Chemist: 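Take this structure, written in structure tokens, and hold onto it; I'll ask about it next.
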2 protein chains.
Amino acid sequence: METATVLPDEARYNIAAVERDTGLSKDTLRVWERRYGFPTPVRDQHDERLYSTDQLEKLRLLRLLIDYGHRPGKIINQSNVELAQLIASRAPEQTAPPEIAALLELLFKHDADGLRNALLQALMKQGLLRFVTETVATLNHWIGEAWLAGKIAIFDEHLYSEQIQNILRNAIIAQPGRGSAPRVLLTSLPGEKHRIGLLMVEAVLVAEGGACVALGTETPVIDIKNAAPAYNVDVVALSFSSAFTQNAALAGLGELRALLPDSIEVWGGGGALARARKAPAGTLLLRSFDDMRYALERWRVEHAQR
Amino acid sequence: METATVLPDEARYNIAAVERDTGLSKDTLRVWERRYGFPTPVRDQHDERLYSTDQLEKLRLLRLLIDYGHRPGKIINQSNVELAQLIASRAPEQTAPPEIAALLELLFKHDADGLRNALLQALMKQGLLRFVTETVATLNHWIGEAWLAGKIAIFDEHLYSEQIQNILRNAIIAQPGRGSAPRVLLTSLPGEKHRIGLLMVEAVLVAEGGACVALGTETPVIDIKNAAPAYNVDVVALSFSSAFTQNAALAGLGELRALLPDSIEVWGGGGALARARKAPAGTLLLRSFDDMRYALERWRVEHAQR
DNA sequence: AAGCCAATTCTGTCCAGGACATAATGGAAA
DNA sequence: TTTCCATTATGTCCTGGACAGAATTGGCTT
């Protein structure tokens, strides 16, 4: 009879490794164990937690479902299989438009070079403005869907994000004329890490002849306050993806509005604000790229040389 | 008599913000307070720590000196001024080379367009390889120094980071021939957010004729394990800036090595590993860009078609 | 029904203070 | 000098308690 040997890949992870790999903080891992009874890692000789591969996998599924809106307490005691079904079951089974489907197919096949070439080709054919407002916006949506349906992995999304960044930044640099007005400072608040949304806005801005001072993601409010006069901008624009709650986004806009002089406008846009009704006093909500183009036009009329 | 009004910009940071901004863990911050009596933040109405700008600044200086080899207990009770002197005394007042100083000057003046143009010009003149290994590497170093000396603000660093990304990604896309071998998967582990280092590596890789699958920053180890076969790569390369401790970087490398098949090589590089003595078994440490070029060459010799 | 507000539950993050493994240091031995 | 070992310094982990803010529920009004 065979010995029931321990599987060679029965790897054990300490709490720091699990935090690193799942993005769940040590505090969260410990409080889940206390409250819900999962995960219950074994302990080493010094009573420190050692998590199994299986637990790590379940934690990743949980993280995914929680990001999508499930509550931890409701799902934490289901099995890995049930959780995977839950993820699979939410696909709305629509189909993407054919141009988009072709791009998605390249990502499914892990064809990095093919994807880059196809995106470049779409950019050339459509021009920057249409590429951003049609192709990239739609593609983002369907990639989100594919991810939820379990059709693509996290690393595929990472690859897509990198490639889109390469292409958008390339297009931004290559934009022929440098715009002059208005000068727009573009960034996001701490907690908002979505870079592609910012780059899309930057692309539309330069395509429309504005001048963009891009600070990337997660600039603390105080630093924005100091940067705006230093770079002599006319407008500060913030992007909030749906990772932000609507209230947090509105509060951030209002806080910034209070800190900046009246001569500088404050604009906000992105998924978190798409359904917001009322902007904080003195700020402007942009619910679409068309809104932004209109806002640029309005600014120019109001500040026309007399 | 005037009221001693509270300064308007007397910002307060909670412990999570300080962890994010200094890289010191919450546990470390609390244990320093307990042992050394610094920092002693004020408390809010619910007894939670609120750190001042001044304390944040001192923590940054301490972090820097510790990275440089000082011990916390020896320096923690010195004043900001003394610590700054300690830092200054470390570098014997070198000055940046003139080409670099000219670029820094543009950043000091907040001249975003001028900086972009100057960087593009340097890239054209030097070619991608020299631009990365000489100009960008040196510039990064001096920007760090300028930040320590208080000559530039956080938002200036943000702007620089965005512009360098634009330019490097533009150059990577524009690279004429697409390389073929080895195929290298390039990313960093969760916690490591430094994007510029990764882009520099990617630029050198494509300039040297390798094929790069870039996944951006912060890919969990398990996802790297799954991505490597999916993208059919020969090598997985990880970048660790000095935000990582050397031990954490070595542990991450080792963990990845254990998960990947032997046919895939594991390389690691970046500030955290610059002074490491011994690589985990089966991994390769790259302490410079020349090391990487040499490693590419060696791989090609070993895998030459017979 | 549908919309809105208040009460309640859920959930992540913070706290204190104790413990220990490991890295760094310094001194003794080779 | 170098090597080795004992000691000290330091970061990370532990338990269990508390609370704020988000999410949900239930009741009331339109």
Side-chain angles (χ1 to χ4, degrees), chain A residues 12-20 22-38 40-51 59 62-63 65-77 190-191 242-252 272 275 277, chain B residues 12-20 22-51 59 62-63 65-77 191 243-251 272 275-278:
Chain A
R12 299 285 174 178
Y13 305 86
N14 66 20
I15 198 169
V18 175
E19 175 181 48
R20 197 185 59 206
T22 64
L24 299 165
S25 78
K26 293 167 189 145
D27 274 324
T28 300
L29 289 166
R30 287 193 277 250
V31 88
W32 281 8
E33 183 178 345
R34 207 194 311 167
R35 286 201 188 123
Y36 310 123
F38 179 87
T40 45
V42 299
R43 302 300 183 108
D44 68 8
Q45 81 280 2
H46 200 63
D47 234 31
E48 305 202 337
R49 294 170 172 81
L50 289 178
Y51 296 83
L59 288 169
L62 288 170
R63 176 75 206 270
L65 286 163
I66 289 166
D67 282 350
Y68 179 61
H70 286 265
R71 310 294 308 268
K74 295 270 174 68
I75 55 175
I76 201 164
N77 284 314
S242 34
F244 251 67
T245 49
Q246 180 174 301
N247 282 343
L250 291 173
R275 270 173 282 169
R277 298 185 181 173
Chain B
R12 299 285 171 179
Y13 304 85
N14 66 18
I15 197 169
V18 175
E19 176 180 47
R20 196 188 55 212
T22 65
L24 298 165
S25 78
K26 294 168 190 151
D27 274 324
T28 300
L29 289 166
R30 287 192 277 250
V31 89
W32 279 10
E33 184 177 344
R34 206 193 313 166
R35 285 202 188 123
Y36 309 123
F38 179 88
T40 46
V42 299
R43 302 302 181 107
D44 67 9
Q45 82 280 4
H46 199 61
D47 232 30
E48 305 202 338
R49 293 170 173 81
L50 289 178
Y51 296 83
L59 287 169
L62 287 170
R63 174 76 207 270
L65 286 162
I66 289 165
D67 283 350
Y68 183 63
H70 287 264
R71 310 296 305 272
K74 295 272 174 64
I75 56 175
I76 202 165
N77 285 313
F244 252 67
T245 57
Q246 180 173 303
N247 280 341
L250 291 172
R275 268 176 278 171
R277 297 185 183 171
K278 199 158 152 288

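Order of the sequence lines sets the chain letters (A, B, ...), proteins ahead of strands, with each chain counted from 1. None of the values given here were measured: they were computed from a predicted structure.
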Chemist: Which comes earlier along DNA chain C counting from the 5' end, the contact point of B/L50 or that of A/Y36, where each point is its nearest nucleotide?
Modeler: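 Result of the comparison: A/Y36.
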
Chemist: Check whether any side-chain heavy atom of A/T22 sits under 4.5 Å from a side-chain heavy atom of A/R63, and report yes or no.
Modeler: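 Answer no - side chains too far apart.
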
Chemist: side-chain contact (heavy atoms from CB on, under 4.5 Å) between A/L62 and A/I76: does it pass, once the steps are laid out?
Modeler: CA-CA 7 Å; A/L62 288 170; A/I76 201 164; 3.8 Å; yes

Chemist: In whole angstrom, give the distance that lies between atom CZ of A/R63 and atom P of C/dG12.
Modeler: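 For the pair A/R63 CZ and C/dG12 P, the rounded distance is 10 Å.
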
Chemist: Show the nearest heavy-atom pair for residues B/L29 and B/P39, with the distance to one decimal.
Modeler: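 Looking at all heavy atoms of both residues, the shortest contact is O-CD, 4.4 Å.
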
Chemist: Does any donor-acceptor pair link the side chain of B/R34 with the base of C/dG18 at a separation under 3.5 Å?
Modeler: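 Checked by distance alone, the answer is yes.
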
Chemist: Given that A/H46 and B/A16 both sit by DNA chain C, which one's nearest nucleotide is further toward the 5' end?
Modeler: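 The residue mapped nearer the 5' terminus is B/A16.
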
Chemist: Checking contacts here: which listed nucleotide (D/dT24, D/dC13, D/dT10) is nearest the side-chain heavy atoms of A/R71?
Modeler: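 Of the options given, the side chain of A/R71 lies nearest D/dT24.
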
Chemist: How close or far is atom C1' of D/dC14 from atom CZ of A/R43, stated in whole angstroms?
Modeler: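 So the CZ-C1' distance, A/R43 to D/dC14, works out to 8 Å.
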
Chemist: Is there a side-chain contact between B/T28 and the phosphate of D/dT10, meaning an N or O under 4.0 Å from OP1 or OP2?
Modeler: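 It does not, given that no N or O in the side chain of B/T28 lies less than 4.0 Å from OP1 or OP2 of D/dT10.
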
Chemist: Give the rounded distance in Å between these two atoms: CD1 of B/I15 and C1' of C/dA16.
Modeler: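 Going from B/I15 (CD1) to C/dA16 (C1'), I get 12 Å.
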
Chemist: Assuming nearest nucleotide by heavy-atom distance, tell me which of A/K26 and A/V31 is located more 5' along DNA chain D.
Modeler: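 Residue closer to the 5' terminus by nearest nucleotide: A/K26.
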
Chemist: Return the value, rounded to whole Å, for the distance between atom CD of A/E19 and atom P of D/dG11.
Modeler: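 Atom-to-atom, A/E19 to D/dG11, this comes out as 17 Å.
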
Chemist: Rounded to whole angstroms, how far apart are CZ on B/R49 and C1' on C/dG17?
Modeler: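 To the nearest whole Å, that distance equals 11 Å.
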
Chemist: Compare all side-chain heavy atoms of B/R43 with those of B/E48 and state whether any distance is below 4.5 angstrom.
Modeler: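 They are not in contact (no side-chain heavy atoms under 4.5 Å apart), so the answer is no.
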
Chemist: Give the rounded distance in Å between these two atoms: CZ of A/R35 and P of D/dA18.
Modeler: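 For the pair A/R35 CZ and D/dA18 P, the rounded distance is 13 Å.
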
Chemist: Taking 4.0 Å as the cut-off, does a side-chain nitrogen or oxygen of A/S25 come that near to OP1 or OP2 on C/dT13?
Modeler: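 It does, given that an N or O in the side chain of A/S25 lies less than 4.0 Å from OP1 or OP2 of C/dT13.
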
Chemist: Round to a whole Å and report the spacing from CD of B/E48 to P of D/dG21.
Modeler: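 After rounding, the gap between these two atoms is 9 Å.
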
Chemist: Looking at side-chain heavy atoms only, is the closest gap between B/V31 and B/R34 below 4.5 Å?
Modeler: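 Heavy-atom side-chain distance check passes, below 4.5 Å.
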
Chemist: Please state how far atom CG in B/D27 lies from atom P in C/dC15, giving the value in whole angstrom units.
Modeler: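 From B/D27 CG to C/dC15 P: 11 Å.
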
